[in-house]
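Take a look at the structure below.
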Amino acid sequence: MFILGVDTATSVAGAAVIEEDRLISERFVNNLKTHSENIIPMIKQVMDDAGIKPDHLHAIAVTGGPGSFTGLRIGMSVAKTMGQVLNIPVIAISTLRMLAWNVYGVNGIICPVLDARRNQVYTAVYRSAPGDFEELLNPAALEIDRLVSGLMQFDEGVTFVGDGIPVFGPFLKERLGEKAHFGTLINSRPRAAAAAELGLAKLKAGRLPDPMFLQPVYLRKSEAELTWEKKHGS
Amino acid sequence: MKGVDTVSGQVVILGIETSCDETSAAVVADGRTTLSNIISSQVPVHQKFGGVVPEIASRKHVELVNSVIQEALNEAKVTFRDLSAVAVTYGPGLVGALLVGVSSAKAAAYSLDLPLIGVNHIESHIYANFLAKPDLELPVICLVVSGGHTDLVYIENHGNFRLLGQTRDDAAGEAFDKIARAIGLGYPGGPLIDRLAMEGDPEIVDFPRAYLESGSFDFSFSGLKSFALNYLNRVSMTGGEVNKADFAAGFQKAVVDVLVDKTLAAASEYKVRDILLAGGVAANSRLRKEILCRAGGMGLRVTYPDPVFCTDNAAMVACAGYYKYRRGEFAPLTLNAVPGLKLGADKY
Ligand SMILES: [Zn+2]
């Protein structure tokens, strides 16, 4: 069973092919080129490396958000259309869960942080459980201060992963002191292979939503809607 | 690569269009037979904002694009395997919106091992005329008028577009939208003004017309727009009331007069026999009537697409794609959206 993983949710673009218990091929770039130019050639490359054609795929897993609005849409459009053409399932995996998967099994809790600008992060809080995570805080866009006060309630170490670290790392360290741990270069960015691996698990568990109308989870409304609601009340 | 020679001998192209606020997919055979043309309009979604919100448009596209594609295939009674190529609008337009169509088209082309064709949105508007009249002969002069564009184009042969003039400020359709809003008609303004103008007398308000330097094929509607807004202001300040129908009729006539004059001048200068209209404003009834009447007097023929092919739609994209297909102008899988794509200046 071959699963293609696709990720363009943050500044990273990634593609990977896994076959059940083997990660066969993966590409990862964070080269400041546009995802639109990168992603299909990268998919083609990992497929060629795996020695398979699109027809051989059983499912596609894609980063489901949060992340860059445009980036999410590129990955989602690619995954949905490939799924449609090949008539195979498309499975959306939370960007935050993918990030947490990179450090699955560490002691304490895991807190992915994506820079959401305006002093906010897209975040969630997980604790490793057998084969999966316990979700202690649902994905949300939060002020960094609110996240910190929430984390203070836990009497255990926190491992941060994600592109929010360069922005908020010093602040988190200052507030949480010894309790704060930070992911490394290789595990604090989303990995397409993680999408594929988590996607495979979801596929096996069944009950997948219809991919036809699948949309990214943005966790934030558009600027125009926020302004409109401020003026008219929501 | 598959598809270059199909068994049936027909070239069947799937077109995808997401450059602004319509999500559209179509299947067109041999560049002339529209097997399907599905358009999902977002107009109601953007109405409360008084115009297209790019982020919302992009979100809608990603939600709808696949079901629209499916509907287009179903209605055409073809499957993905029957296609010869995939054509997509890659500019000009809203970058986030374009990217949804471009990403989908590339994913389809890669998965099916089919040629990918990137199409310029303005060129596709022009090609809507070939859906109406496949035996149309070149060269022609085409006036492209929409909410985003006012371009006068000379087309010598397929794929050879020369921009003779364009708007220096507002597009014609944009001017319609702004004036419609100013007199409380709502959005989109073009069709609403068109309808209201039918009940009005265009000679009541004396609107200015901007011809710019002599010999110029450029347009400018900002002076006309300011005049109109000032006029409304003046009337309301003196406690008077504007007859909206007369106002709309006068405004529309001022826009149409300049469009028609310049188009006919271009036709004479380039010695063509055919004039094409394209774009959303090409559905304007006054524009059609006026240009038909005056071009007829000069022995010129005028072609314009059916109203459904004047709005943003994917059949015109598939049609434009067909002519590129015949020339073997295929795009690489690195194809990107180019929001400011110029006419006749392919970026691949
Ligand atoms: Zn258009």
Side-chain angles (χ1 to χ4, degrees), chain A residues 4 6 8 15 33-45 47-48 53-57 60 62 65 68-88 90 210-218 220-229 231-232, chain B residues 14 16 18 25 45-46 48-71 73 79-81 83 86 88 90 94-114 116 331-338 347-348:
Chain A
L4 172 69
V6 177
T8 54
K33 270 209 213 166
T34 73
H35 293 334
S36 168
E37 285 173 56
N38 273 329
I39 193 65
I40 297 278
M42 286 175 72
I43 290 172
K44 186 174 179 334
Q45 187 68 54
M47 295 285 290
D48 292 348
K53 298 263 173 246
D55 287 341
H56 297 128
L57 290 172
I60 298 171
V62 62
S68 134
F69 296 167
T70 300
L72 289 172
R73 281 191 287 268
I74 291 172
M76 193 60 83
S77 305
V78 165
K80 281 176 69 176
T81 308
M82 284 188 74
Q84 181 183 17
V85 168
L86 302 167
N87 198 20
I88 55 175
V90 180
D210 181 0
M212 193 62 100
F213 296 96
L214 204 58
Q215 291 178 70
V217 173
Y218 298 100
R220 193 183 267 167
K221 290 181 179 173
S222 69
E223 211 60 54
E225 283 167 294
L226 293 174
T227 311
W228 194 90
E229 282 173 9
K231 234 167 96 187
H232 300 85
Chain B
L14 170 67
I16 301 174
T18 63
V45 179
H46 298 278
K48 75 172 181 187
F49 302 103
V52 178
V53 179
E55 176 60 23
I56 296 175
S58 308
R59 290 184 181 196
K60 272 288 169 203
H61 286 313
V62 84
E63 179 186 344
L64 297 174
V65 69
N66 299 99
S67 59
V68 168
I69 291 172
Q70 199 59 53
E71 219 179 306
L73 295 174
T79 69
F80 281 113
R81 309 283 154 185
L83 299 174
V86 181
V88 64
Y90 75 107
L94 304 169
V95 64
L98 288 164
L99 279 169
V100 173
V102 168
S103 301
S104 293
K106 291 198 297 184
Y110 165 65
S111 302
L112 294 160
D113 196 21
L114 285 179
L116 173 72
L333 291 175
T334 49
L335 180 72
N336 202 355
V338 183
K347 283 272 195 300
Y348 65 80

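Letters A, B, ... mirror the listed sequences (proteins, then strands); counts begin at 1. Reckoned from all heavy atoms, side chains included, excluding hydrogens, waters and symmetry mates.
- Between Lys44(A) and Ile40(A), every side-chain heavy-atom pair lies at or beyond the 4.5 Å cut-off.
- Proximity to chain B is absent for every atom of Glu223(A), based on heavy atoms less than 4.5 angstrom apart.
- Across Ala79(A) and Val90(A), no two heavy atoms sit closer than the pair O-CG2, 3.5 Å.
- For Asn38(A), no part sits under 4.5 Å from any heavy atom of chain B, backbone or side chain.
- Contact annotation for Ile74(A): both backbone and side-chain heavy atoms come within less than 4.5 Å of a heavy atom of chain B.
- Side-chain N or O atoms of Thr8(A) include one that pairs as donor or acceptor with a backbone N or O of Gly75(A) at under 3.5 Å.
- The backbone N or O of Asn66(B) sits less than 3.5 Å from a side-chain atom of Gln84(A), completing a donor-acceptor pair.
- Other residues, nucleotides and ligands place no more than 12 heavy atoms under 6.0 Å from the CG atom of Asn87(A).
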Show, in sequence, the C-alpha distance, side-chain angles and deciding distance for Glu55(B) and Arg59(B), and conclude whether the salt bridge (Lys or Arg N to Asp or Glu O under 4.0 Å) test is met.
CA-CA 6 Å; Glu55(B) 176 60 23; Arg59(B) 290 184 181 196; 2.7 Å; yes
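- In this structure, chain A has heavy atoms under 4.5 Å from both the backbone and the side chain of Leu333(B).
- Options Arg73(A), Glu37(A), Met212(A) differ in how many heavy-atom pairs under 4.5 Å they form with chain B, and the most are formed by Arg73(A).
- In terms of heavy-atom pairs under 4.5 angstrom with chain A, the leader among Pro54(B), Gly96(B), Ser67(B) is Ser67(B).
- Neither the backbone nor the side chain of Ala105(B) has a heavy atom closer than 4.5 Å to any heavy atom of chain A.
- Counting heavy-atom pairs closer than 4.5 Å to chain B, the top residue among His35(A), Met47(A), Glu225(A), Lys80(A) is Lys80(A).
- Heavy atoms closer than 4.5 Å to chain A are found in both the backbone and the side chain of Tyr110(B).
- Pairing each heavy atom of Val102(B) with each of Val88(B), the nearest pair is N-CG2, 3.8 Å.
- Contact annotation for Val100(B): both backbone and side-chain heavy atoms come within less than 4.5 Å of a heavy atom of chain A.
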